[in-house]
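One structure is given here, and the rest of the page talks about it.
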There are 2 protein chains.
Amino acid sequence: MTDSAARASRDEPPQGPPATARVQQIVAAARVLLEEHGWEAISMRTVADRLGIRAPSLYKHIAGKEELQAALVADGLREMGAALHGCVADAGVLDSSDAADRAARVRALLGTYRRHALANGAMYRLATSGPLRREVLPDGLEEWAGRPFWLVTGDPIRAQALWAATHGLAVLELDGRFPPGSPVDKAWAATAWAFA
Amino acid sequence: MTDSAARASRDEPPQGPPATARVQQIVAAARVLLEEHGWEAISMRTVADRLGIRAPSLYKHIAGKEELQAALVADGLREMGAALHGCVADAGVLDSSDAADRAARVRALLGTYRRHALANGAMYRLATSGPLRREVLPDGLEEWAGRPFWLVTGDPIRAQALWAATHGLAVLELDGRFPPGSPVDKAWAATAWAFA
DNA sequence: CACCACGAGCTAACAGTGTTAGCCTGGCTC
DNA sequence: GAGCCAGGCTAACACTGTTAGCTCGTGGTG
């Protein structure tokens with residue numbers, strides 16, 4: 001990878017229009033609830049409670065629950081993207097086409113992805129599940145978050161396939177859909193091997 | 001594969017305890033709503049409306065909305081499983097370890113999976129997303145539905161990895177998460193190739 | 001200084017949700 | 001015929017997101 005490409009991969013994530021301090025507090029409160037008790041625990045009243053105000057007052061600052069969700073989704077994508085970009089940056093020289101290097105990069109990316117998704121289950125699910133309302137997301141954020149897959153595979157098609165496989169593993173593991181006691185580590189390893 | 005194993009792969013799906021006619025009508029009504037307007041259109045009142053009764057009357061037949069959902073999930077898994085089992089049955093002799101045959105089987109299975117998931121979006125999402133409450137599902141149904149992956153890959157670990165990759169592609173495509181205009185077909189093909 | 005505007009809180013209310021309690025009625029059985 | 005019970009009903013509760021309209025304090029302006 002060239003020097004400029006390396007810098008580009010470290011680029012800051014696309015930011016949306018800046019939020020007021022109060023909006024940031026609201027999103028932060030929702031996030032605490034999300035991480036502690038899951039999305040279903042987030043209601044306009046519970047969020048308002050955490051701030052010591054009543055639910056209707058929230059509407060002085062945000063348009064509705066959908067906007068709150070969109071803000072959390074954007075945060076989730078930014079954090080996921082930051083983790084993945086950090087991983088490919090750490091991997092050092094990326095334009096090596098040596099097969100062993102490539103396999104190591106794929107393994108590292110998948111490891112980072114898995115750790116991040118499992119450590120931030122509710123945020124990950126929120127950010128990656130269900131239809132994406134692109135119009136309420138900062139421009140280019142989604143593409144930025146997925147770019148590490150492109151950087152590691154060197155090909156947009158393989159990048160999408162690897163991303164989908166990785167996402168599938170993450171959601172199934174998060175949701176406990178693998179049969180109890182099955183060696184999930186090995187399924188991750190098999191995926192890395194298949195795409196290396 | 002032995003003859004008995006081939007028969008086993010055609011086995012009928014595990015059935016739960018038989019439902020009364022009225023319960024079947026309730027589930028059918030919910031299913032129509034699900035397919036026409038998505039899960040969020042299903043409320044106890046809308047389901048009851050379709051049957052010409054009031055919502056509380058539903059509770060004479062089913063324990064609650066969760067049980068309704070569980071019945072739909074079981075239906076979804078049975079139908080998905082039937083499609084996949086049909087695919088591997090059609091593929092004929094399955095114990096061939098010829099690489100080309102294997103690749104063709106993987107391609108066929110992924111094609112069937114994709115068609116089924118896209119043609120039954122709401123049911124697919126319902127059956128495969130979110131935590132699975134195994135205790136309310138017929139015993140062995142989940143394992144039965146996933147067995148075609150095992151039959152095609154010949155290995156439980158690779159089966160899980162392939163299943164996860166396939167699921168990832170399906171949900172991302174269903175949810176429109178691939179960048180607009182991107183060649184999703186090729187991502188499916190790349191996945192089949194990676195696991196062949 | 002007086003005034004006014006506006007930001008940001010409040011209460012009351014509405015329509016919708018899942019669910020429970022309790023009532024009623026028609027048909028089957030003894 | 002008497003009684004039971006399956007399967008409907010209404011009323012109600014506690015929740016949800018959201019709107020309308022009021023109030024109060026603060027900052028800027030004539």
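Just so we're on the same page: letters track the sequence lines, and every chain starts at 1.
The residue A:Leu68 sits apart from the nucleic acid: no heavy atom pair falls under 4.0 Å. At the heavy-atom level, A:Leu51 lies nowhere under 4.0 Å from the strands shown.
The structure places CG of B:Leu162 at 13.0 Å from NE2 of B:His167, a figure rounded to the nearest 0.5 Å. The CH2 atom of B:Trp163 lies 14.0 Å from the CG atom of B:Leu110; values are rounded to the nearest 0.5 Å. The distance from atom CD of A:Gln160 to atom OG1 of B:Thr191, rounded to the nearest 0.5 Å, is 10.0 Å.
Each of C:dT19, D:dT10, D:dT19 was ranked by its minimum atom distance to the side chain of B:Arg54; first place goes to D:dT10. Distance from the side chain of B:Ser57 is smallest to D:dG8 among D:dG8, D:dA11, C:dT17. The side chain of A:Pro56 lies closest to C:dA12, out of D:dG17, C:dA12, D:dG8. Each of D:dT16, C:dC23, D:dG21 was ranked by its minimum atom distance to the side chain of A:Lys60; first place goes to D:dG21.
Straight-line distance from the CG atom of B:Leu33 to the C1' atom of C:dT17: 15 Å, rounded to whole Å. Look at CD1 on A:Ile62: it is 14 Å from C1' on C:dA8, rounded to the nearest Å. Taking atom CD of A:Glu40 as the reference point, atom P of C:dG18 lies 16 Å away to the nearest angstrom. Rounded to whole Å, the distance from CG on A:Leu58 to P on C:dG9 is 9 Å. The distance between atom CD1 of A:Ile53 and atom C1' of D:dC24, rounded to the nearest whole Å, is 16 Å. Computed from coordinates, the A:Met44 CE to C:dG16 C1' distance equals 16 Å when rounded to whole Å. For the pair A:Ile42 CD1 and D:dC15 C1', the computed distance is 16 Å after rounding to whole Å. Rounded to whole angstrom, the span from the CD atom of B:Gln69 across to the P atom of C:dT17 amounts to 16 Å.
Results of the salt bridge (charged side-chain N to carboxylate O under 4.0 Å, His left out) test with A:Arg133 over A:Glu142, A:Glu66, A:Glu67 single out A:Glu66 as the only residue that passes. Only one option out of A:Trp144, A:Tyr113, A:Phe195 pairs with A:Phe149 in a ring pair (Phe, Tyr, Trp, His ring centres under 6.0 Å); it is A:Tyr113.
At distances below 3.5 Å, not a single donor-acceptor pair connects side-chain atoms of B:Arg158 with backbone N or O atoms of A:Ala187. Although no hydrogens or angles enter the test, the distance criterion places a donor-acceptor pair under 3.5 Å between the side chain of A:Arg134 and the main chain of B:Arg177. Distance alone, capped at 3.5 Å, places no donor-acceptor pair between the A:Ser182 side chain and the A:Val184 backbone. Between the side chain of B:Lys186 and the main chain of A:Ala161, no donor-acceptor pair closer than 3.5 Å is present.
Taking 4.0 angstrom as the limit, B:His61 places none of its side-chain polar atoms (N or O) nearer than this to OP1 or OP2 of D:dA6. Within the 4.0 Å cut-off from OP1 or OP2 of C:dG18, at least one side-chain nitrogen or oxygen of B:Ser43 is found.
For A:Gln15, the CD atom is densely surrounded, since the number of other residues' heavy atoms within 6.0 Å is greater than 12.
Side-chain N/O atoms of A:Arg45 and base N/O atoms of D:dG17 include a donor-acceptor pair closer than 3.5 Å.
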Original post:
Taking only Watson-Crick and G-U wobble pairs with both distances under 3.5 Å, what dot-bracket line describes DNA chain D, where [ ] shows pairs that cross earlier ones and | shows pairs with another strand?
Top reply: ||||||||||||||||||||||||||||||
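Listed by residue number, the members of residues 18-29 of chain A with any heavy atom below 4.0 angstrom from DNA chain C are A:Arg22.
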